[in-house]
Number of protein chains: 2
Amino acid sequence: MNEQYNHIVKSLDDEQRALQGELIRMGLMAAAQLEAALDVVERRDDGAAERVIANDEAIDTLEQQVNHDVIRLIQRGPLATDLRLILAALRVASDIERIGDYAANIAKRSLVLNQLPPLPLTRGLGTLGRMAVQQVRDVLEAYRERDGEAALRVRARDAELDTLYTGLFRELLTYMMEDARAITACTHLLFMAKNIERIGDHATNIAENAWFLIHGEELLPQRDKRDDSNTTAV
Amino acid sequence: MNEQYNHIVKSLDDEQRALQGELIRMGLMAAAQLEAALDVVERRDDGAAERVIANDEAIDTLEQQVNHDVIRLIQRGPLATDLRLILAALRVASDIERIGDYAANIAKRSLVLNQLPPLPLTRGLGTLGRMAVQQVRDVLEAYRERDGEAALRVRARDAELDTLYTGLFRELLTYMMEDARAITACTHLLFMAKNIERIGDHATNIAENAWFLIHGEELLPQRDKRDDSNTTAV
């Protein structure tokens with residue numbers, strides 16, 4: 001292998017590492033946004049909500065950066081393995097972008113809640129949300145470390161998040177039936193809870209991409225899906 | 001240009017055309033699924049709902065096919081323009097897959113509605129849904145014809161869909177306040193309406209990808225975004 005070739009290979013590797021670094025940074029930003037949004041809901045803080053909403057742009061900008069980098073990497077004519085990494089990066093960036101959107105939407109809806117009397121059920125939202133934050137952090141770690149087993153654990157835990165979500169969904173419906181004055185607030189809480197459930201799905205997507213990176217298109221083990229809220233009546 | 005080169009170029013072109021054909025087919029399937037789901041809601045037909053839910057798999061399979069084809073095309077070492085087309089195809093396939101998911105989710109929720117007394121507000125859902133079907137069909141046409149102006153028109157019309165959605169959101173909240181027995185049904189209708197609003201967003205994404213194909217990264221004109229339901233109180 002001559003000097004020049006060695007140099008090219010190394011720098012391709014560096015670029016891929018940079019791409020992965022961007023993804024992890026983007027993912028941690030999204031997790032922090034979700035955490036901030038939950039905090040904002042709890043503290044009923046309009047100013048902080050506005051900041052969470054405004055911060056979402058930084059994640060969108062990072063996604064565009066990832067897309068640019070992917071195009072540049074592909075133009076270098078990557079090998080099959082690198083291609084896998086690069087296409088997974090595109091998908092992961094898009095999942096993280098959605099997580100950021102959902103976090104910002106939670107902050108946006110908290111502005112309505114702040115105009116209404118406080119509800120005890122926002123606590124349940126916090127519990128659900130913190131579980132999702134953990135899922136996002138864990139899957140980023142699994143992705144960075146190329147740890148397929150850890151990725152599968154995140155994916156398996158999504159069923160717990162779904163169960164918790166379905167429970168909260170039921171509670172919110174019941175609450176609305178008992179107190180018509182809480183309907184507007186509960187409806188926004190329902191959508192906020194749904195956002196968190198969706199964030200869990202995106203963490204699962206990232207877990208599947210991590211698996212795909214390590215094992216190629218080898219079949220993933222079956223998994224439980226326990227979001228029964230689609231067919232829930234109270 | 002020698003014979004052999006000519007042959008390679010032509011066949012690359014063929015593959016790209018095949019990829020585009022797959023996308024359009026996939027998109028038309030998603031539009032048909034949404035139409036079927038709306039019909040199922042109107043007719044309160046459990047059997048037909050189950051069929052819509054089962055059909056979603058065909059769209060998922062097509063998305064995997066598109067992903068395979070994209071990898072094969074990239075491995076041929078595409079030029080910059082082709083890369084744009086190929087990456088747009090990935091994004092569009094993912095948008096269409098989501099549209100299919102939302103349609104299937106509407107069918108799934110209709111199963112709950114069928115266990116409950118009929119509500120007049122399902123009509124409003126039909127109107128909203130048919131507007132979204134049209135948006136999806138129009139954007140596929142714009143994509144196939146590489147018609148940037150038509151794509152922008154679809155994107156602009158998303159504001160009308162948002163306005164209609166926000167109106168329905170308000171109506172559903174009001175209805176729930178007046179009749180606590182309708183809360184479960186109205187909640188599912190709220191999520192179904194939200195699904196349709198999101199389908200509109202995905203049609204908009206496809207429109208932006210169509211624009212991107214024609215004009216590269218040239219800035220898109222500003223657009224209206226009128227989904228005020230995030231901050232709606234009744």
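Residue numbers begin at 1 in each chain, while the letters A, B, ... track the order of the sequences.
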### Query
For atom CZ of A:Arg123, is the number of surrounding heavy atoms from other residues, nucleotides or ligands below 6.0 Å larger than 12?
no
### Query
B:Leu90 versus chain A, heavy atoms under 4.5 Å apart: side chain, backbone, both or neither?
side chain
### Query
Using non-hydrogen atoms only, which part of B:Arg181 is less than 4.5 Å away from chain A: side chain, backbone, both, or neither?
neither
### Query
What residue in A:Ile183, A:Leu172, A:Leu116 has the most heavy-atom pairs under 4.5 Å with chain B?
A:Ile183
### Message
Among B:Val112, B:Val70, B:Leu113, which residue has the highest count of heavy-atom pairs closer than 4.5 Å to chain A?
### Response
B:Val112
### Query
What is the distance from atom CZ of A:Arg91 to atom CZ of B:Arg91, rounded to the nearest 0.5 Å?
14.0 Å
### Query
What part of B:Leu190 gets closer than 4.5 Å to chain A, counting heavy atoms only: side chain, backbone, both or neither?
both
### Query
Are any of the side-chain heavy atoms of B:Leu87 and A:Ile74 separated by less than 4.5 Å?
yes
### Query
Taking every heavy-atom pair that is under 4.5 Å apart, which of B:Arg109, B:Gln115, B:Lys108 has the most such pairs with chain A?
B:Arg109
### Query
Checking heavy atoms, do the side chain of B:Asn230, its backbone, both or neither come under 4.5 Å from chain A?
both
### Task
Say whether, by atom type as modelled, one donor and one acceptor occur between the side chain of B:His188 and the main chain of A:Thr232 under 3.5 angstrom.
yes
### Task
Measure the shortest side-chain to side-chain distance between B:Arg170 and A:Thr184 over non-hydrogen atoms and say whether it is less than 4.5 angstrom.
no
#### Entry: Most chain B-contacting option - heavy-atom pairs closer than 4.5 Å, from A:Asn105, A:Leu111, A:Asn67
A:Asn105
### Query
Using non-hydrogen atoms only, which part of B:Thr187 is less than 4.5 Å away from chain A: side chain, backbone, both, or neither?
side chain
